[in-house]
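First comes the structure, then the notes that go with it.
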Amino acid sequence: MKQQEKHKAGFVNIIGNPNVGKSTLMNAMVGERLSIITKKAQTTRHRILGIVNTDSYQIVFSDTPGIISPAYELQEAMMKFVQSALDDADILIYMVETGEKKLRNEKFFRRINRTDIPVLVLLNKIDKSSQETVMREMAYWREKLPQAEVIPVSALERFNIDKVFDRIVELLPEGPPYFPKDQLTDKTERFFVNESIREKILLHYRKEIPYSVEVETESFKESDRLIRIRAVIMVERDSQKGILIGHKGKGLKRVGSEARKDLEKFFGKKIFLELHVKVNKNWRKDKDKLRRFGYES
Ligand code: GDP
Ligand code: MG
């Protein structure tokens, strides 16, 4: 008698140092641009879920901020996300990049080694390295993490991505779906508005500006063909407000118009985006504010 295959479902948590390509990988897996991607570390501040559904399985990918040691409140809150990524994973993806040797948080590394859930070590950005380097570094990670499977990938060029995806489906535990099958992410529409504005600020400003801002969508009104959005960019100091707005408002205009274009693609509707800049001293250190901005789970 042929047994019917049982439904599979599970959480796949992607962790690793900042900038190794975690968000790029998740977007390649999920097929949507859910996480913002830039060259700067700490682009991903929150955990973001990306869900892949078929009739026979549901994979819940979770993208996390990079591993860093707590230096101030924001980083401590981020470390908590990483910790929770370990606690609720069915499969763990530990992403490293070619050329990476130094582990930035040994305690965390030991935790990965001790876990009894399946661990895939993805050696990313192999498009940038010689085959010799890739072989050497794969051997290094195999020795460091004997329990894990080490797979060389290029998230950017989708090399081996389908292979990793198939392996995840194999390793996925049996179980009913965690989310409705038409759901793609756990984040609200406002969250994606905030993230897309923050991405443009990361792209166009230097030094401390990107790390001093937070974005809050105050109003999101959707009608048949149009979405009206009002968002506030919080900065820590008056001087930052000036830099952000720029000469004759040009800086802020650029952020607004680029974010609007992305959001029109994302939502498939015309967007009317109104942006304001406010000074909100020490948002980074203020725990209540962090909670309000969604950094605590
Ligand atoms: P995260 O901080 O780990 O989420 O890293 P991101 O996904 O934001 O990627 C950081 C940078 O690495 C971006 O500029 C990506 O385009 C780049 N990147 C990601 N994957 C690859 C890859 O496979 N090859 C190369 N050459 N660059 C990559
Ligand atoms: Mg990221």
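Fair warning: this is a prediction, and the values are worked out from it, not measured in the lab. Numbering of ligands and ligand atoms starts at 1, following listing order.
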Taking the side chain as C-beta and beyond, is there a heavy-atom pair between [X] and [Y] under 4.5 Å?
X	Y	value
His204	Arg254	yes
Tyr178	Phe11	yes
Ile93	Leu25	yes

- Message: Glu157 versus ligand 1: do any nitrogen or oxygen atoms come within less than 3.5 Å of each other?
- Response: no

- Query: Below 3.5 angstrom, do we get any N/O pair linking Ala155 and ligand 1?
  - Reply: yes

- Query: Are Asn53 and Gln58 linked by a side-chain donor-acceptor pair shorter than 3.5 Å?
  - Reply: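 Yes - a donor-acceptor pair under 3.5 Å links their side chains.
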
- Thr217 side chain to Asn194 side chain, donor-acceptor N/O pair below 3.5 angstrom: yes

Classify the contact between [X] and ligand 1 as side chain, backbone, both or neither, using a heavy-atom distance cut-off of under 4.0 Å.
X	result
Lys22	both
Leu156	both
Asp127	side chain

- Query: Which ligand 1 atoms does Lys128 reach within 4.0 Å, using its non-hydrogen atoms?
  - Reply: 26 (N)

- Query: Which of these, Asn27, Ile14, Asn19, has its nearest heavy atom closest to atom 10 (C) of ligand 1?
  - Reply: Asn19

- Give every residue pair that meets the salt bridge (charged side-chain N to carboxylate O under 4.0 Å, His left out) criterion with at least one member in residues 147-163, sequence neighbours excluded. Glu149-Arg167, Arg158-Asp162

